[in-house]
Student: 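If you scroll down you'll find the structure; I have some questions about it.
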Amino acid sequence: MYVIPKPFKEERGQGFFVFDSSVKISAELPIISSMLNAFCKADVPKGDKTVEFVRGETEHDYELAVTEKSVTATAATDEGLFHAAVTLIQLIICADGADARIPVCKISDKPRFAYRGLMIDVCRHFFGVETVKKMIDVMSVFKFNYLHMHLSDDQGFRLQIDAMPKLHGHASKRAQTCGDRKPHGGYYTKAQIAELVKYAAERFVRIIPEIDLPGHTRAIVSAYPELSCSGKQTDVATWFGIHSKVLCVGKDTTYDALEKIIGETADMFPCAYFHLGGDEVPKLEWEKCPDCGKVMEENGLDDYEKLQGYFTNRVIKMLSERGKTPILWNEALFSDMLDKNAVVQYWEGGKATAARVAQSVRDENRKVVVSCVRPYYLDYPYGFSSLKSAYMFEPCLESFGEQGAKGVLGVECPIWTEHVATEEKLFTQVFPRAIAVAESGWSQGKKDYADFEDRLLKVVKLLRSAGISYKPVGKCNPNPITGAMQMIAFGIKAASKLDRDSARSARSAQQHKKKK
Ligand code: ACM
Ligand code: ZN
């Protein structure tokens, strides 16, 4: 059957259920009736045939029973009923002929992983509420349940923070992007965040905010230079790469400011998870800073990774007091003192990181979200990560051993936006690769790319009918020569957009790999 992600169990029967105007839809959840009505065009139901969504016990997330006369969805939760509805919508949209004829069938479905995420970077290029809502729409149809929003980086801070108004007033704008001489900016007001959180929740998507700390903070220290080691004025970054202007982790003023930022952000996002970043932190300023030096001495910290660990655990405490579970990029592990409840997001491909993450899963009961650059970073060309490679990738890595089954919380595909300035580019980078990741997050059993592509060719009609751009499936697996050319073009473009400071900062940020 044409459903993505592939259901846990499906049985095809004889005959069809025809969605015509004699169908009566009964669903208590308004989102289900409105979505189904939009797809079935059964505005004036006569009630001859029924489509019912009922709450009831089941060992699965949902069950869907289709006969010639009725469709019955059963689930113990509203979320399960919503999942049944999006499965049904896919069956309808993939039906052949003028009438929506869906096969008589029985589906029993449940997810492989609890966490199925997609990350959007709204700092390098800002995307407004309407674009984020479209992303949520598509995510929800493929049973993603977490939208991770990367809200603070060197090139912009994207949230209204009342106690520190220069964050949205000043840090949300940059003078230009890589020499284009055009100012770029934007931030979400509290009302807009409330609107997005509600919109996502109605579709059973939770929004995880990320305030990336203590690196990637040039926008923050541009608004409040007293939060840096030197206290010197700087600008919101106008070039990409890794920047040396990070938070001072030795001054109390930094922690006072973070109480405010974390406090207001946590209040805006009810999600149980809160992402604290922690990636790519150059230690160049800390090495010269008496305040950072003093904290190291007072706390017996003998290297800068430990100093980052001290900082991270102090901020984690602010989250714990607010009932939140932290998520951090994998660099946070290298202090060897990361709070045991922190979830690690595994992204970076090097050997030292792979070994450290695997060790944490095996020996420290660490929960991990798998986001390996290759093939899950959707900003890279299809020649680097083809649709097939994204689909075939197995997130429970062999190196995790038996613990992997317990340690892997789920999967997430990030879209970084240094080279993504328009909605069309955003969606063609993300789709359909994210749909392959959705299947890895939800479905179990042996992978069959040909079968996936067959289903996808039908299911992409959903994107087309919603006016969402996507890369045509035929172009998603370029041959090696085309792929190499795409990579060369991408590499040249990326290199031409790096800040002058970036190479030195990157070397400093990668010291942890040498330590191991
Ligand atoms: C990252 O890609 N810097 C997490
Ligand atoms: Zn300092």
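All ligand and atom numbering here is 1-based and tracks the order in the structure. What you are looking at is a predicted structure, and each value in this text was computed from that prediction instead of being measured.
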Student: Give a table of atom pairs where an N or O of ligand 1 lies under 3.5 Å from a protein N or O.
Tutor:
from, atom 1, to, atom 2, distance (Å)
ligand 1, 2 (O), Tyr377, OH, 2.6
ligand 1, 3 (N), Asp279, OD2, 2.7
ligand 1, 3 (N), Glu280, OE1, 3.2

Student: Once the angle between the rings of Phe334 and His512 is folded into 0 to 90°, is it parallel (under 30°), tilted (30 to 60°) or perpendicular (over 60°)?
Tutor: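 Rings of Phe334 and His512: tilted, as their planes differ by 30° to 60°.
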Student: Tally of protein N/O/S atoms under 2.8 Å from the Zn ion (ligand 2)?
Tutor: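 Total protein N/O/S atoms under 2.8 Å from the Zn ion (ligand 2): 4.
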Student: Relative to the ring of His148, is the ring of Trp329 parallel (under 30°), tilted (30 to 60°) or perpendicular (over 60°)?
Tutor: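 Ring orientation, 0 to 90° scale: tilted.
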Student: Quick check on the 6.0 Å ring-centre criterion: do Tyr470 and Phe427 meet it?
Tutor: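 Centroid distance Tyr470-Phe427: not below 6.0 Å, so no.
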Student: Under the rule for side chain to side chain donor-acceptor pair (under 3.5 Å), what residues qualify as partners of Gln510, not counting sequence neighbours?
Tutor: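 Partners of Gln510 by the side chain to side chain donor-acceptor pair (under 3.5 Å) criterion come out as none, since no residue qualifies.
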Student: With a cut-off of under 6.0 Å to the ring centre and 45° to the axis, is Arg206 in cation-pi contact with Tyr273?
Tutor: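 Cation-pi check for Arg206 and Tyr273: fails.
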Student: Please name the residue in the list Phe311, Tyr304, Trp286 that meets the side chain to side chain contact (heavy atoms under 4.5 Å, CB included) test with Val281.
Tutor: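 Single side chain to side chain contact (heavy atoms under 4.5 Å, CB included) partner of Val281 among Phe311, Tyr304, Trp286: Trp286.
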Student: Donor-acceptor pair, Asn145 side chain versus Arg116 backbone, under 3.5 Å?
Tutor: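 Yes; judged by distance alone, with no hydrogens or angles, the pair exists.
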Student: Answer yes if the ring centres of Phe157 and Tyr187 are under 6.0 angstrom apart, and no otherwise.
Tutor: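 No, the ring centres sit 6.0 Å or more apart.
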Student: Scan residues 395-410 for pairs that pass side chain to side chain donor-acceptor pair (under 3.5 Å), counting only residues two or more places apart or in two chains.
Tutor: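 Applying side chain to side chain donor-acceptor pair (under 3.5 Å) to every pair that reaches into residues 395-410, excluding sequence neighbours, yields Asn365-Gln403.
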